[in-house]
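What follows is a short report on a single structure.
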Amino acid sequence: MKGHSLILSTSKQNHAPLSLEDTIKLLKVSADTKNLKLGKMIHAHLTILSESHQNENIAQTNSLINFYAKCDQIPVARQLFDNMHHRNVVSYSSLMSGYLHYGFSMENLKLFKSMVSVENMRPNEYIFATVLFSCSRSGKVEEGKQYHGYVMKSGLAFHQYVRSALIDLYAKCHDMRMAMQVFNALPGYDVFSYNSILNGLLEHGYLREGVEVLSRMVNECVNWDTTTYVNAFGICACLKDLKLGLQVHGQMLKNDVQIDAFISSAMINMYGKCEKISNARKVFDGLKTRNVVLWTSMLASFFQNGYYEEALNCYNEMEEEDIQPNEFTFAVLLNSAAGLSTEKLLRTSSDNWCIINDGADTPAIVMGISGKPSELLEVGSILRDQVPVIRRFTGGGTVVVDNGTVFVTLICNKDAVPGVQPYPRSIMYWSGLLYNEVFRGTGDFQLRENGKRFYFILFFYVYNVIEDFDSILLLDYVFGDRKFGGNAQSITKNRWIHHTSFLWDYKVGNMAYLKQPARAPKYRLARDHTKFICRMKDYMPRSVFIENTIESIETYFSVQPANLEAIDTSSEANFVHSTRLLTKQELEEACESQLENIGVNV
């Protein structure tokens, strides 16, 4: 650094002045190393020298723009650009590259129009590639198609940078037909182009086409990088093609590829999807360092294969290594707990169960088995905030689960409760009786739907006045006209489950993830979520609620505490879970459906 300081000294010593070539080289070094201090010293030196020159040096200013853009000083780069009396293509390219890198894609589209329309310049292949990538990042597919036409007229469509940008544009904007058309136009792509097309094919479900592209890479002797292997394992996972997955794994070992967390996670996911949980565990155990992504991948593999206890044990190991879980970890745990304590007990146990537990610290969305995300959720917000969405195996509505949720699940044999038939309404009526005792003397507890109050129905039910119970629909637990509990059910040949999500407390912000349902009970009166629901904690202490629930259940059953980890389910081998996480692709498709519906309505 002292050497650089001496070179730039302005004292009256006999040092030769910096040549233009030396200045540009030093600025390039400063830009590549992000050495803001050195670059500013060079800039100061140039400012002093420019006082004795009338003519503007475009090359030096372009180098300064490039330097400031790469050092996250975009406003300074833009100011230099705007102060130029004369600009060339490099001036635009330097600023546009900075805008693209830091996510200001729309500014690049404005600059391109100014360059072509105002300054009447002819873009080169680097400008075209940058503006096409900008369209890709900002989702401006129609503008991208227009620039594609401009590229064809310019004769620059076959440059490597431009072809890669076109593939990236169409893949990111969900037009895989055009992406493949550009891709198949000429051979000889670099690995970035191959990765762009592979990622698009994987994301949109063109899995066989993805395998063909991988084969083409092998035939053209293109060296695979980390992203290629991640995409390849992803394709194998979705196809559940263990043979191909083993071949990819073998090629990776043969080529001595540096294995990072992304590849490791993709491998664990692939073996998990291919039902080779032992292979997944072997990959996981062989890792020297394991971050939260890798732990969550291992947890998910256990869950996908129905190893719920192993998933929970894996989480205990994770805690012992002091790894902080993220929202996806909690979602997998919630799935595992749900599979262990509800679905598996329903399908593999012959005992009657009452399970009381709390939600997760991180919010998640739980939907009924037939719920449609595009109709029930604000999918854009969910994708933005990365909130997990779980489709449970029971029916019922949609709920935001967080640490303010209390779950009570009743799992019974069909003849366990005298007078209760294995039909939704009959079970619903009995649950009303059960919770009427829990909330006796508290608030104005009712079971309501379509404006009908529970106590009228309860009277007719107790005295056997109503014979056609299924003609009346009862769903919500309310205090007055404010809902605090929603129900879900599943009924098999010999057993049934009744599951209630109680809103002990809720965060107002989380309610924004739920859309106003198209079909709502009449008593809702078109109220939004915050005016329709209430907090159970305002009516009863949590401990009292749990005590009252157990006491009410004891009027029907002999109750004994149980350790869920010690459950013996002899028919466990035949159990296949159906509760699952919705994939990012499913949510993105739901989001696209919402946007299309908005467009139609407009």
Side-chain angles (χ1 to χ4, degrees), residues 105 132-145 147-148 163-185 189-218 222 224-241 244-245 248 262-263 265-266 269-270 272-274 297 300 304 328 372-375 377 379-380 382-384 386 388-389 391 580-600:
S105 299
L132 287 167
F133 279 125
S134 297
C135 290
S136 170
R137 302 295 188 270
S138 58
K140 298 291 184 180
V141 65
E142 292 305 319
E143 288 85 344
K145 289 179 179 178
Y147 295 133
H148 187 178
R163 285 189 295 163
S164 296
L166 283 169
I167 291 172
D168 185 71
L169 166 71
Y170 289 115
K172 291 277 175 46
C173 294
H174 316 300
D175 191 343
M176 293 310 302
R177 183 187 64 81
M178 280 300 300
M180 288 300 295
Q181 184 175 319
V182 174
F183 182 75
N184 291 324
Y189 286 97
D190 61 10
V191 69
F192 176 82
S193 302
Y194 274 106
N195 288 338
S196 293
I197 197 72
L198 280 172
N199 187 67
L201 293 170
L202 174 60
E203 185 175 347
H204 298 291
Y206 295 93
L207 304 177
R208 293 300 175 188
E209 291 82 351
V211 174
E212 293 174 4
V213 171
L214 290 172
S215 298
R216 181 167 160 178
M217 291 184 74
V218 173
V222 178
W224 293 19
D225 65 7
T226 300
T227 304
T228 313
Y229 281 105
V230 170
N231 285 324
F233 283 123
I235 291 170
C236 297
C238 292
L239 287 172
K240 296 187 177 181
D241 191 333
L244 180 59
V248 173
F262 298 103
I263 292 181
S265 178
N269 178 59
M270 183 272 292
K273 291 283 180 63
C274 293
S297 296
Q304 291 160 0
F328 299 107
K372 297 181 179 179
S374 60
E375 297 178 1
L377 306 177
V379 187
I382 289 169
L383 285 168
R384 179 197 65 207
Q386 297 184 325
V389 179
R391 188 186 297 282
R580 66 181 184 86
L581 279 171
L582 294 190
T583 65
K584 182 181 179 183
Q585 180 177 340
E586 288 176 301
L587 293 175
E588 287 176 342
E589 290 173 355
C591 188
E592 289 177 11
S593 176
Q594 286 182 341
L595 293 175
E596 289 173 1
N597 290 336
I598 291 173
V600 170

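Computed from a predicted structure; not experimentally measured. Numbering of residues begins at 1 and proceeds along the displayed sequence. Computed over heavy atoms, backbone and side chain alike; hydrogens, waters and symmetry mates excluded.
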- Query: Do Arg216 and Phe183 have side chains that get closer than 4.5 Å, going by heavy atoms?
  - Reply: yes
- With side chains defined as the heavy atoms from C-beta onward, is the minimum distance between Arg391 and Pro373 less than 4.5 Å? yes
With rounding to the nearest 0.5 angstrom, report the [atom1] to [atom2] distance, [X] to [Y].
X: Asn195; Y: Asp168; atom1: CG; atom2: CG; result: 10.5 Å
X: Leu244; Y: Cys274; atom1: CG; atom2: SG; result: 9.0 Å
X: Ile197; Y: Asn184; atom1: CD1; atom2: CG; result: 8.0 Å
X: Ile235; Y: Leu202; atom1: CD1; atom2: CG; result: 5.5 Å
X: Met176; Y: Met180; atom1: CE; atom2: CE; result: 7.0 Å

- Would Asn231 and Thr228 count as having a side-chain donor-acceptor pair, cut-off 3.5 Å? no
Do you know the tightest heavy-atom contact between [X] and [Y]?
X: Ser164; Y: Phe192; result: CB-CD2, 3.9 Å
X: Ser105; Y: Arg137; result: OG-CB, 3.4 Å
X: Leu166; Y: His148; result: CD2-CG, 3.6 Å
X: Cys236; Y: Met270; result: CB-CG, 3.8 Å
X: Ser193; Y: Ile167; result: O-CG2, 4.0 Å
X: Lys145; Y: Leu169; result: N-CD2, 4.5 Å

- Query: How would you list, by chain and number, every residue that makes a side chain to side chain contact (heavy atoms under 4.5 Å, CB included) with Glu588, sequence neighbours excluded?
  - Reply: Glu203, Leu383, Lys584
- Within the distance-only criterion (no hydrogens, no angle test), does the side chain of Ser136 pair as donor or acceptor with the backbone N or O of Leu132 below 3.5 angstrom? no
